[in-house]
Structure formats: structure tokens, C-alpha cells
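Have a look at the structure below before the remarks.
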Amino acid sequence: MKNLLHFFTSLRLTIVLLSLSLVLVFFGTLDQVRFGIHHTQELYFRSWVVFSPVLSLLTMLGAREFHEGFEAIRFPLPGGYTLGTLLLINLLSSHLYRFKLSLKKSGILLIHGGLILLLIGELITALFQQDTMLSMDEGGPPVNFSRDFLDNELVLIDRSDPELDTVVAIPANRLRRGHPIEHEHLPFRVETLQFHPNSSIFQIPRSQRGPERIGNLRGLAADHDLWAQGRAKTYREREVNTASALIRLSDDEGEIGTWLVANVLPEHFPLQEFEHDGKTWGIELRFRRVYKPFSLSLVEFTHERYPGTSIPRNFSSLVILDNPETGERRRDLIYMNHPLRYGGYTLYQASFDNQDTTSILQVVRNPGWTLPYLSVTLITLGLFVQFGMGLVRGLSRSNHSPGPATEKSAKASPS
Amino acid sequence: MKRSPENLSPGHQQTDGSAPKWIVIGLILLALFLVSRDLIRGDGSEVFDFRTFSQLPTQHGGRVQPLDSVARNSLLIFRGRQSALTEDGQSLTPAQFITEVAARPEKSDELRIFRIMNPQVKALVGMSGEDRRDFSYRDLRPHLGEVDQAFEAINPESEQRDAYERAVAHLFQSLSIYHRLIHSFAPPDNLDGVVAEYQNFLLSIPDGMEAIRSHERGEPHDSAQMRRFVGFTDRYMRLGQLASLRLILPPEGDAIEDDWQTTGESLIGTIQTGSIDPMVEHYARAIHAYRRAEADNFNEQVAAIQDHYRDRFPSAAAMTQREYWFNLSQVFYRSTELYVIALVLVLFSWLLWPNTLRKASFWILVIAFIAHTIGLVARMWIQGRPPVTNLYSSAVFVGWGAVFLGLIMERLYRNGIGAATAALVGFSTLIIAHSLGASGDTLELMQAVLDDNFWLATHVIVITLGYSATFLAGAIGLIYIIRGMGSTALDRKTAKALGSMVYGIVCFALLFSFAGTVLGGIWADQSWGRFWGWDPKENGALMIVLWLAIMLHARWGGLAGPRGMMLMAIFGNIITAWSWFGTNLLGVGLHAYGFIDGAFLWMGIFVLSQLTFIAAGSLPARFWKSPAAAR
């Protein structure tokens with residue numbers, strides 16, 4: 001027991017953990033070249049263990065072509081969760097074990113207290129942060145949802161009521177072969193015949209499609225000979241995975257039909273519709289939507305450039321924010337370094353499209369956003385106290401005697 | 001000020017510590033001369049006023065700058081030097097170069113301004129047989145078609161080009177910059193008759209317009225008049241499209257940030273206004289005078305343009321002029337030279353006349369630092385921005401911060417180490433800045449997202465000072481290893497003193513790196529709603545913080561002695577270099593083709609050199625000439 005305590009409170013452990021964190025961060029940066037920020041973040045920092053391939057080092061060293069076998073050489077690294085937890089234990093236990101409240105140690109205490117908060121804050125961010133995109137057209141309808149381009153949902157829309165659509169949304173991770181889905185609002189069963197997280201969509205006559213046996217194809221696949229072929233997922237920044245699925249709907253009387261759906265189709269084609277039991281239904285796969293309690297409409301998007309160049313000077317979106325719950329209605333200007341913060345969301349100017357008539361905002365919601373502020377205040381205070389005291393002591397000593405002055409203070413401050 | 005107490009410079013023989021005083025004074029005077037020699041030296045303006053000509057303004061790259069800056073940056077792109085070479089090897093100043101381009105393109109075509117190093121590209125332009133590196137437009141003219149074709153054929157993704165493809169792209173870019181400069185001042189094919197040409201154009205406007213209107217109404221008209229007029233407008237339209245420099249002030253009543261006009265555009269505008277813009281007119285007359293070697297006339301015309309600008313925008317005109325002087329002083333080049341001299345003097349001071357040479361090197365370092373500071377402040381003044389706005393200026397600032405800290409160290413310890421490290425880091429970072437600056441305008445405008453002076457002034461400055469301190473600690477580590485292994489001078493006391501220097505600097509570095517990172521997080525949260533996003537640049541900063549924290553904990557836990565701290569400080573150089581540049585390389589297509597890229601190669605060399613020092617420094621004490629330092 002004492003050994004264990006010794007282990008967890010030791011400074012050596014701290015150094016080992018910090019060193020491993022350094023290595024983790026390094027590889028977690030390198031791999032962003034292949035996996036993009038988001039996926040790398042999941043792999044390295046929001047995981048318990050990560051198998052980091054030697055490949056990322058080689059590619060960094062400029063190897064263009066390498067033996068495929070290199071991909072297989074991997075070494076395990078403790079992930080962000082593991083290191084974070086161990087660092088927390090290490091910190092807490094050494095403070096509890098050697099806890100002595102004194103002015104001399106107040107700096108260290110503040111720093112480490114802040115670090116604990118910082119780790120917790122990052123954990124909350126990892127677990128709860130939402131990151132989505134909201135795009136609006138100049139003069140277009142108000143938009144009350146944002147989209148997550150990393151996730152998809154299958155929606156079935158009951159369009160029979162002209163006033164109100166009833167939408168049943170099924171998260172893409174539930175679309176699995178052999179797992180039919182039933183829902184109280186759906187008069188039919190939803191079966192996934194195939195699902196590709198990324199695919200190429202192209203036109204090809206039915207006769208050339210290969211051996212798959214599919215039942216009664218309807219909608220775009222039938223009318224336009226559209227077809228989807230699976231391909232490797234992309235993790236690159238600015239590239240989006242084209243998720244697609246073949247969905248068969250059936251009721252007690254048998255198959256109603258099979259539809260090809262893909263998240264890129266809604267942009268190019270009208271909603272695929274069909275009749276069932278006298279009701280009009282629509283079916284589509286789309287990027288996951290997150291609805292907001294308020295809506296935004298874009299009055300004007302401005303894209304200023306420096307004169308005679310294409311260097312952007314500023315982007316800004318003049319929007320009208322409308323919250324039916326509170327009756328609030330106001331104008332806001334969102335521009336570089338000046339996001340709109342509203343209802344726990346931060347909306348900032350991220351991109352634009354369609355010859356500067358569409359504005360795309362990034363919508364971030366992070367319930368732990370205050371923790372870093374609190375923690376860095378503590379740490380900064382602590383650093384100033386700690387090094388300030390060291391400096392004062394060092395200077396006062398070097399006035400009396402030459403030579404290293406910080407030696408003693410250094411020994412006097414174990415963590 | 002306390003004079004250096006003997007016991008603080010241990011390890012030296014104090015008896016021959018001093019040399020005659022005049023050596024110090026002589027060295028300081030030499031340094032003062034070296035640093036200011038560009039300002040003292042004439043710029044060839046005795047007869048023709050090249051100086052005023054190159055102070056004339058243009059709106060280029062989105063900002064108003066003197067023609068001098070355009071000339072320098074173009075020459076830097078063309079041949080990596082701020083000068084042009086004549087056929088007989090004489091060097092022309094940027095001011096002379098831009099005047100030739102404007103007034104005598106047939107002469108500037110003969111200047112050797114295009115540097116071609118790649119043998120394949122040399123072969124492409126039929127110059128394989130030549131053993132020079134710099135070629136003139138006239139040399140290349142017969143092969144422009146080949147260059148165009150080669151450019152069409154190379155990889156369109158600039159990040160994936162190989163050495164040959166990059167060289168082709170570079171030559172193509174240089175040629176088109178030059179071509180567009182030629183078309184910026186007046187129609188280059190009729191420079192001798194340009195004044196008369198403008199008069200004829202002006203005269204042709206009323207009749208020409210009348211003829212066109214009649215033509216549109218289907219009435220009889222003078223078709224010769226119409227053709228003449230349309231000929232002019234076509235000509236000036238094309239001129240306007242080919243020009244790169246907007247030389248003509250925006251119309252009366254507009255602000256300086258509004259759109260300026262090229263000569264061609266302004267001439268087209270004449271159809272509306274009915275008169276040639278005075279600037280266009282003066283440029284034409286200046287060119288005419290220059291070609292006829294009428295120096296007084298040329299100087300008058302150039303002064304008239306200058307006055308016109310000054311009358312409309314007095315404060316901008318003053319700033320344009322300041323930029324000229326800033327360019328002329330070459331202040332960062334000059335401080336680089338002084339850093340080298342200071343470093344050499346410190347190194348010698350460990351062998352000979354320790355007190356004299358150390359004192360001299362300290363004051364030379366101070367002069368270099370003042371010059372460095374003046375340059376930094378001048379940039380801030382001209383740009384109206386905090387000191388760090390791009391990678392180039394970050395290099396300048398990292399050096400500045402390290403020299404500042406090193407000078408303080410030298411004042412405190414007076415053992416030459418602070419001076420040596422300051423000179424070393426100051427010199428290296430300015431060399432880095434020079435090579436980064438070779439790609440064009442270093443006062444360039446900033447992308448929208450960075451356009452926030454408050455955060456630039458806090459986050460970027462603080463984090464850059466963190467880099468400075470880490471590099472300074474690393475430099476002390478290097479000197480510790482070199483002196484400890486290579487000389488007997490590093491006794492226990494000095495070793496201890498160096499240890500506490502590194503400790504102090506590492507504390508400072510951690511404070512600044514951490515604060516800088518946190519400020520960055522706050523900026524990110526303010527702008528993007530997230531404090532931390534594991535993005536390469538953020539990770540780089542985090543790695544520095546982690547490394548410094550490791551160093552301090554290792555020392556506090558007694559796991560690292562003085563030598564261990566030094567080795568770790570050297571490793572800190574690698575981490576900081578990675579954070580500073582490596583992360584930028586990642587974005588620039590490092591994944592596939594970074595290897596040949598200059599920056600990446602240098603980065604590799606740097607990392608290897610630091611690792612070599614660490615390995616050498618890890619050798620057992622018997623390999624050390626100063627075994628006491630090997631603890």
C-alpha cells in the first residue's frame with residue numbers, strides 16, 4: 001500500500017506522464033495530416049489508448065513511397081483520457097499526501113489547482129461540445145437548425161398535412177444491415193440493405209450494376225439510374241464524406257420499395273417522395289440537424305478585400321435573430337473575431353459560398369467554456385506568486401553574495 | 001553601474017585581462033560605422049534624382065508603398081538580392097532599377113535580374129553553356145514560349161511540385177512580374193513620343209466620341225476619327241490590364257484606401273474627365289526627360305508628382321517616405337553583421353584580453369540591439385501594427401527578445417555567456433528572417449482572421465517572447481557543452497552560475513509560453529467559441545509548455561543536475577523550432593513533398609545538430625576537459 005502511494009505521489013511519475021503527453025501531442029499533431037483535426041482528436045486525445053503508426057513519422061520525413069508493411073508497424077501510446085486521469089491522480093494524491101498549507105507553497109497550490117480544473121474542463125469539452133454549421137442565404141428563409149457535416153440521419157417525412165411535416169429521424173449509426181427499425185410514427189419497417197460511410201455516386205444503367213440483388217428500386221435510383229459505390233472514408237479538412245444507403249421499406253403486405261439515399265442528394269434533387277396508405281411520404285439521408293430555439297435570417301453578407309488584391313479584409317454577416325419563445329427579435333452583425341453569443345451558443349463567421357450570397361456560420365456549444373478561464377486565472381496567479389517569490393529571493397541574495405541564488409529556493413519547492 | 005567584479009568572471013586569467021582602451025573605442029566606432037553605412041553612402045542620386053523617384057507611391061498588394069519597396073521586393077523574388085546587375089557586372093540600386101524599368105525598359109531588359117540555378121531550367125532557356133546564374137530579360141526573350149509551355153505542363157498543385165517544377169514556376173512568376181512592371185508607367189512601345197501621344201489622344205476624344213455616337217445612331221460619321229479614337233482606347237485598356245502598379249491617386253474626394261488607378265485605367269478615365277491626370281502627365285514628362293538625359297527636367301517632374309501626393313495625403317506621404325528610409329537603412333542586415341562581430345569578440349575574450357573584448361562585445365551588442373529595436377519600431381510605425389504579423393516578423397521579434405534577455409543576463413553575471421548567447425540567437429533568428437523575407441513584401445497585409453491588434457499585441461507577443469527565452473536557454477546549454485568539453489574554463493562555480501541562469505530563463509520561458517498559450521486560448525474562445533482545439537499551432541505551444549514543466553520538475557525532484565538541465569535546454573531548441581516552424585510545414589504539404597523544401601531541409605539539419613550536441617554532452621566525465629561541469 002505504501003509502495004502504491006509512493007508510486008502515485010512520486011515526481012518521477014509526473015515527469016513520465018508529462019513526457020508521454022509530449023509524445024502524444026507530437027504524434028497527435030503529425031497524424032492530422034492524414035486524419036484531419038477532428039478524427040485525430042478522437043483518436044489521440046479523447047481515447048484511452050492509441051496505436052500510433054510509424055508511418056506518420058516516415059511521411060513527415062518526406063518519404064513519398066513506402067512499403068505497405070510500414071502501415072502495420074504501430075506502437076501503443078496511452079491516450080488523452082489515460083494520461084489525464086493518471087495526471088489527476090498523481091496531482092491530487094501528492095497534494096493530499098504532502099499537504100501543507102503555507103505561504104511558500106501557495107503558488108504551487110494555485111498552479112496545480114488550476115491544472116486540475118483545466119483537465120476537467122477539457123474532459124467536459126470532449127464529452128459535451130457540439131460543433132455544427134449553419135448556412136443561410138441572403139434574403140432566404142429563416143434558418144433554425146445547424147448541421148453536423150460529420151454525422152448523418154435518415155429521415156422519413158409525413159407530408160400529408162400541408163401545414164405540418166412530421167419527421168422521424170434515425171441516426172446513421174443505427175442504419176445497420178440486418179437490424180430493421182420500427183417506430184410508432186412509421187407505418188412501415190425500415191431495413192438497411194447497405195450503408196456506406198463514404199461513397200461515390202454516379203449514373204450507371206441497371207444492367208451494368210453487378211450482381212447485387214435488390215428488390216423494387218424506386219425514386220432516384222430508378223428514375224436517374226443513380227448508384228452508389230463505397231469508398232474509404234476521408235478525414236481531410238474541407239472534404240466531406242458522402243454517406244449513402246439503400247433503404248427498403250416494407251409493411252405487412254410486403255415490400256413498398258427500395259430507395260437509394262445519400263447526404264449529397266438533397267442539394268441536387270428534390271425530395272424523393274412516395275405514396276403509402278393515401279399519405280405522401282418523403283425519404284432522405286441528410287447531415288444531422290441540430291435544431292435551435294431561435295432562427296437566423298441573413299440580411300446581407302459582406303466580403304471585403306484589400307484594394308486591388310484578393311486578400312480578404314473582413315467577412316461579415318448581418319443577421320436577424322428571432323426567438324419565438326422569448327419574443328426577442330434583433331439585428332446582429334457577425335464578423336471576424338466578433339461572434340454572436342446567444343443562448344449558450346457561439347456563432348462565428350466560418351465560410352461563405354455561392355458568390356458571396358450564402359454565409360456559413362460555425363455553431364459551437366460548450367457547456368464547460370467557463371472552466372478554462374477560471375483555471376488559467378488560478379494558474380497565472382500561481383505562476384506569478386511562485387516565480388515572483390523566487391525572483392525576489394534570488395535578487396535579494398545575489399545582492400549579498402554572488403553565485404547561484406535560486407538553488408535553495410528550488411530545493412525548497414517540491415511539488 | 002557596477003564595474004565587473006573579478007570574482008564573477010571565473011576561469012579566466014585576470015592578469016592579462018585588459019588591453020589598451022583604444023581597442024574598445026575603436027571597435028565601437030567601427031560598429032557604429034558598419035551599422036549606418038547604408039544611410040551615409042550615396043544612392044547614385046547626384047544627377048538624376050532616383051531617390052525621389054523611388055519614394056513615389058503606389059498602391060500595391062493592397063497597401064500604399066514607395067516604388068522602392070516594389071523594386072526591392074521584386075528583385076528579391078527575381079534573384080534573392082536587393083540589387084540589379086548590369087552586363088558588365090556593376091550593381092544598380094533598387095531606385096536606379098525601378099527608374100530604368102519605368103523610363104528605359106530597353107535598358108532594363110539588359111539587366112541581369114533573373115536568377116536561374118536549376119540546370120534543367122537553364123537548359124530550357126538555352127543557357128546551359130553559361131556558367132553565370134543571373135540572366136537578363138533579353139537573354140530569356142527568345143525562350144519565353146518554352147517557359148510558358150513548361151509552366152503549363154507542371155503540377156498545378158504548388159505544394160506538390162519538385163525542384164524543377166518549382167524553378168519553372170519561379171521563373172514564370174518572375175518574368176510576369178517584370179512584364180507587368182514594364183507596363184505600369186506608360187505605354188512601353190512609344191516612350192520617346194509619349195507626351196505627344198497623350199496630347200493626340202486628348203485631342204481625339206471629342207471628335208472620336210461624336211463619331212461613335214453618330215455611328216450608333218446610324219448617321220454618317222468620320223470613320224477615320226472613330227478608328228483613331230478606338231485605337232487609343234484599346235491601347236490604354238490593354239495597358240491597364242497589363243500593369244501591376246496602381247500609380248495614380250484615387251479621384252479627388254476619395255480616401256487613400258480607396259482604389260487607386262493604373263496609368264492605363266487613368267487614361268481611359270480621361271474620356272470622362274476631359275483632361276489627363278497630372279500624375280500621368282508628369283510621369284510621361286519624367287520618362288521623356290530621362291530618355292533625353294535632361295536631369296533637371298526629370299528631377300522637376302518627379303518632384304511634381306511627389307508634391308501632388310503630398311498635397312493630397314500629407315501624412316501618408318510622410319509614411320511612404322519613412323518606408324523608403326527604413327528600406328535604405330537595411331537595419332536588420334546591419335544588426336546581423338554586428339551580432340556576428342559581437343559573437344566573435346566574446347569567443348575571443350575567452351582566449352585573450354577577457355575584460356577588454358567582453359566589454360567591447362557587450363557595447364557592440366548594445367548597438368546592434370538598438371538598431372534591431374529601431375528596425376522593429378519602424379516596422380510597427382509603418383504598418384500600424386504590433387511587431388509580430390507574420391512568420392518573418394516573428395523571427396525578427398524572437399531574436400529581439402532573446403537579445404534583450406541575454407543583455408540582462410550579461411549585466412547580471414558579466415561572464416560573456418549572456419552576450420555570447422544573445423549574439424548567437426540574434427544572429428541566427430535574423431538569418432532566418434532574411435531567408436523568409438526573400439519571398440516578397442514583409443510588410444504584407446494580414447488575413448482577415450488575424451486582423452485584431454489587441455490579440456496580436458498580447459497573445460502573439462507573449463508567446464514569441466516565450467520562444468525567445470527557450471532559445472536563449474538552449475543557447476546557454478550549447479555554450480555550456482562546448483566550453484565544458486572543449487576547455488578547462490568551466491569550473492564548478494561557473495557551471496553553477498550557468499545552471500542558475502538556465503533555471504531563471506526556463507522559469508521566465510514557462511511563464512510566458514503558458515501565458516501566451518492561454519491568451520491564444522482566450523482569443524480562440526472569443527472568436528470561435530472554443531478554448532482549445534488541438535490544432536497544430538496550439539499543440540506546438542502546448543509542447544513547449546510541457547517540456548519546460550518537465551525541466552522544472554526534473555530539477556525540483558533532483559532528477560537533473562546542471563548538465564542534465566543543459567541537455568534538456570538544448571532539446572528545448574528542437575521543440576521550440578517545431579512549434580515555430582514545424583507546424584507551419586505540416587500545413588504546407590509536408591505530408592508528401594516537404595523533404596526537398598528548403599525550410600524542411602534546414603529544420604532537419606537543425607534538429608540533427610541539436611541532437612548531436614545532446615549526444616556529445618551525454619558522454620561521461622572523462623571526455624570533458626572541465627570534468628566539474630559534467631555533473
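Letters A, B, ... are given to chains in the order of the sequence lines, protein chains preceding strands, and every chain is numbered from 1.
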Centres of the B:W578 and A:F26 rings: under 6.0 Å? yes
B:I575 versus chain A, the contacting section by heavy-atom distance below 4.5 Å: side chain
Out of A:L22, A:V376, A:L17, A:T346, return the one with the most heavy atom pairs under 4.5 angstrom to chain B. A:L22
Considering only heavy atoms, which portion of B:L542 lies under 4.5 Å from any heavy atom of chain A: side chain, backbone, both, or neither? side chain
For chain A, find which of B:L552, B:V545, B:D535 contributes the most heavy-atom pairs closer than 4.5 angstrom. B:D535
Which atoms of A:Y345 are under 4.5 Å from chain B, going by heavy atoms: the side chain, the backbone, both sets, or neither? neither
Run the side-chain contact (heavy atoms from CB on, under 4.5 Å) check on B:L247 and B:W260 step by step: do they pass? CA-CA 7 Å; B:L247 293 172; B:W260 292 34; over 6 Å; no
Please report whether the ring centroid of A:F315 lies less than 6.0 Å from that of A:Y335. no
Most heavy-atom pairs under 4.5 angstrom with chain A, which of B:R246, B:Q526, B:R63? B:Q526
So, the part of B:L559 with a heavy atom under 4.5 Å from chain A: the answer is side chain
Under 4.5 Å from a heavy atom of chain A, the part of B:A515 involved: neither
Sort A:R341 into side chain, backbone, both or neither according to what part of it lies under 4.5 angstrom from a heavy atom of chain B. side chain
Distance flag, aromatic centroids of A:Y44 and A:F27, threshold under 6.0 Å: no
Just checking B:F571 against B:W547, ring centres under 6.0 Å apart? yes
Taking B:R530 first and then B:E538, would you say they form a salt bridge - that is, a charged N and a carboxylate O separated by under 4.0 Å? yes
A:Q362 versus chain B, heavy atoms under 4.5 Å apart: side chain, backbone, both or neither? neither
Could you grab the distance from atom CG of B:L510 to atom SG of B:C507, nearest 0.5 Å is fine? 7.5 Å
A:H38-A:Y235 aromatic ring centre distance below 6.0 Å: no
May I ask you to name which of A:E122, A:R365, A:Q349, A:E304 has the most heavy-atom pairs under 4.5 Å with chain B? A:E122
